[in-house]
Amino acid sequence: MVRINENYLRLAPSYLFSEIARRAREYQAERPDARLLRLGIGNTTEPLAPTIVQGLHAGVDRLARRETYSGYGDEQGDSDLRERIAEVKYRARRLEIDASEVFISDGAKSDTANIQSLFDPYAAVAFQDPAYPVYVDTNVIAGRERFVYLACTEANGFIAPPPTDHVDLIYLCSPNNPTGAVARRETLRSYVEYALAHEAIILFDAAYECFIRDPALPRSIYEIPDARRCAIELCTFSKEAGFTGVRLGWTVVPRNLDIDRGNPRSVHELWNRRQTTFFNGASNIAQRGGIASLTPEGLAENARTIDIYMENARAIRDGLSSIGLTVFGGENAPYVWVRCPPGLDSWAFFDKLLREAHVITTPGSGFGAHGEGYLRLSAFGHPENIAAAVASIREKVRL
Ligand code: MLT
């Protein structure tokens with residue numbers, strides 16, 4: 001009899017956002033008249049920018065003509081798109097990344113889940129706690145057991161310092177999901193120094209870099225000298241260009257990571273090997289949309305959408321603070337992290353907001369033990385829905 005991969009049994013029975021959706025559906029069935037306001041999953045809501053729509057249409061038109069039709073694309077993704085990413089996201093910021101180091105994905109989530117497969121099954125792994133659940137879950141599925149949780153607390157501004165013990169892999173997310181905290185340059189430098197000293201690799205999740213407004217805050221790990229020697233960066237069009245449904249992202253794997261020295265094949269080569277076996281590339285239409293989104297017009301239009309989400313974040317912060325709740329994040333990130341009132345844990349406060357205000361949030365405990373006692377609110381809704389949710393919490397919730 002074939003046996004299942006029992007590592008799956010070590011996971012929570014359902015993925016965090018599936019569990020939230022289940023609870024929301026149950027409540028809706030109980031109260032069909034209730035209009036639920038969704039500040040849970042970080043799902044974009046504003047329409048695609050006009051320049052992107054044109055790019056997508058042009059992508060479809062290319063497929064309609066024999067002269068321009070394309071099937072499978074270039075191995076690491078559309079060369080024009082990789083060049084545009086290297087130029088706009090890195091070289092324009094004076095960061096030394098070549099298009100050949102960029103791999104196109106169908107969104108950061110898949111690569112974030114898969115990248116760990118390049119490394120030793122016995123590797124020790126550090127995670128920020130709380131963290132995006134994909135990091136821990138995929139390492140559990142891979143059978144790893146040596147985990148170090150870096151406590152992100154109010155005392156350290158929700159950005160933990162590097163581990164004190166040895167680890168081999170370190171997941172870092174900044175701006176952070178879920179806390180909305182952003183790592184300062186000195187903190188990232190301390191991680192790079194740690195990684196170089198320990199011959200460790202940093203897996204840097206930059207999915208929310210486009211929300212950074214403070215020019216002093218780093219938007220890429222490669223802003224730190226020598227990060228090319230020890231860091232892989234994962235990013236996405238989901239949040240900046242509204243591609244949560246279109247699906248497109250990228251991963252930067254520098255050609256010479258320090259751990260490559262003794263190995264017959266570089267991590268870059270192995271990732272290419274992995275991707276060519278498991279993945280046939282992102283949709284060619286989506287990739288044309290991605291190119292359009294990185295034109296000056298596309299970038300300017302996306303920035304206006306991001307302004308809308310950041311204004312939402314401000315409204316959430318102000319509204320919740322005005323009723324005495326303590327809030328964090330939401331200034332250079334689309335997530336607001338709220339401390340639960342005394343006596344309520346994350347799920348209890350989640351239920352209270354659902355039942356009393358009809359607002360769906362995300363319980364902090366779903367992101368790790370140190371998320372207990374907090375809730376995450378997403379600013380990705382339409383402004384009128386965010387305003388309605390904040391008003392409902394202010395008027396109906398008794399703290
Ligand atoms: C979230 O809500 O944490 C994100 O939307 C999840 C994701 O991007 O996969």
Side-chain angles (χ1 to χ4, degrees), residues 11-12 14-24 36-46 105-116 127-139 141 152 158 171-182 203-211 233-251 282 286 290 305-306 309-310 312-313 316 328-330 332-338 346 350 353-354 359-368 370-371 374-382 385-386 389:
L11 300 173
S14 70
Y15 185 60
L16 174 61
F17 295 104
S18 315
E19 174 61 18
I20 292 167
R22 188 189 66 75
R23 290 194 187 213
L36 298 186
L37 298 156
R38 297 175 191 279
L39 278 65
I41 192 164
N43 199 3
T44 48
T45 55
E46 294 298 327
S105 67
D106 61 353
K109 184 173 187 172
S110 322
D111 280 10
T112 303
N114 294 327
I115 196 83
Q116 50 73 31
F127 309 98
Q128 292 164 292
D129 178 6
Y132 183 39
V134 174
Y135 313 147
V136 179
D137 282 3
T138 53
N139 278 280
I141 292 168
C152 298
F158 298 104
Y171 287 80
L172 274 185
C173 175
S174 177
N176 188 261
N177 178 14
T179 65
V182 185
L203 302 168
F204 190 76
D205 182 348
Y208 300 95
E209 59 90 16
C210 56
F211 295 92
E233 183 162 290
L234 304 116
C235 205
T236 181
F237 288 85
S238 287
K239 315 292 166 159
E240 176 166 10
F243 276 29
T244 41
V246 177
R247 308 305 306 150
L248 192 67
W250 73 90
T251 297
T305 304
I306 290 170
Y309 295 138
M310 293 315 291
N312 288 344
I316 297 170
F328 306 91
N332 291 282
Y335 296 124
V336 178
W337 189 239
V338 184
S346 296
F350 168 92
L353 293 186
L354 178 60
V359 174
I360 301 172
T361 58
T362 306
S365 55
F367 298 98
H370 283 90
Y374 297 88
L375 280 190
R376 191 195 77 175
L377 275 68
S378 158
F380 282 113
H382 294 306
N385 292 343
I386 298 284

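In this chain, residues are counted from 1 in sequence order. In each ligand, atom 1 is the first atom listed, and ligand 1 is the first ligand listed.
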Notebook entry, point to check: In the protein, which heavy atom is nearest to atom 5 (O) of ligand 1, and how far is it?
Noted result: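 The answer is K239 NZ, 2.9 Å.
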Checklist line | Nearest non-hydrogen protein atom, atom 9 (O) of ligand 1 | finding: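 Here the nearest protein heavy atom works out to Y132 OH, 2.5 Å.
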Counting N and O atoms only, with roles assigned by atom type, does the side chain of [X] sit under 3.5 Å from a partner on the main chain of [Y], one being a donor and the other an acceptor?
X: S346; Y: Y374; result: yes
X: N177; Y: Y132; result: no
X: T45; Y: F380; result: yes
X: S174; Y: N176; result: no
X: Q128; Y: C173; result: yes

N/O to N/O below 3.5 Å, does that happen between [X] and ligand 1?
X: K109; result: no
X: G42; result: yes
X: R376; result: yes

Next item on the list: Give me the one residue out of W337, F158, Y335 that meets ring-ring contact (aromatic ring centres under 6.0 Å, His included) with F328.
Entry: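 Considering W337, F158, Y335, a ring-ring contact (aromatic ring centres under 6.0 Å, His included) with F328 is found only for F158.
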Can you name the atoms of ligand 1, numbered from 1 with element, that are less than 4.0 Å from a heavy atom of [X]?
X: I41; result: 2 (O), 5 (O)
X: Y208; result: 4 (C)
X: N177; result: 1 (C), 3 (O)
X: F17; result: 1 (C), 2 (O), 3 (O)

For ligand 1, note which part of [X] has a heavy atom under 4.0 Å away: side chain, backbone, both or neither.
X: T362; result: neither
X: F380; result: neither
X: Y335; result: side chain

Next item on the list: Mark the output for F367 as yes if a heavy-atom distance to ligand 1 is under 4.0 Å, and as no if none is.
Entry: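 Not so, F367 does not reach ligand 1.
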Notebook entry, point to check: Any luck finding a side-chain donor-acceptor pair between T244 and T44 under 3.5 Å?
Noted result: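 Present: a donor and an acceptor within the cut-off.
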Next item on the list: Give a yes-or-no answer on whether the side chains of N139 and Y171 include a donor-acceptor pair shorter than 3.5 Å.
Entry: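 Yes, a side-chain donor-acceptor pair sits under 3.5 Å.
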Next item on the list: Taking all heavy atoms of I41 and all of S378, pick out the closest pair and write down the distance.
Entry: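 Closest heavy-atom pair between I41 and S378: O-OG, 3.7 Å.
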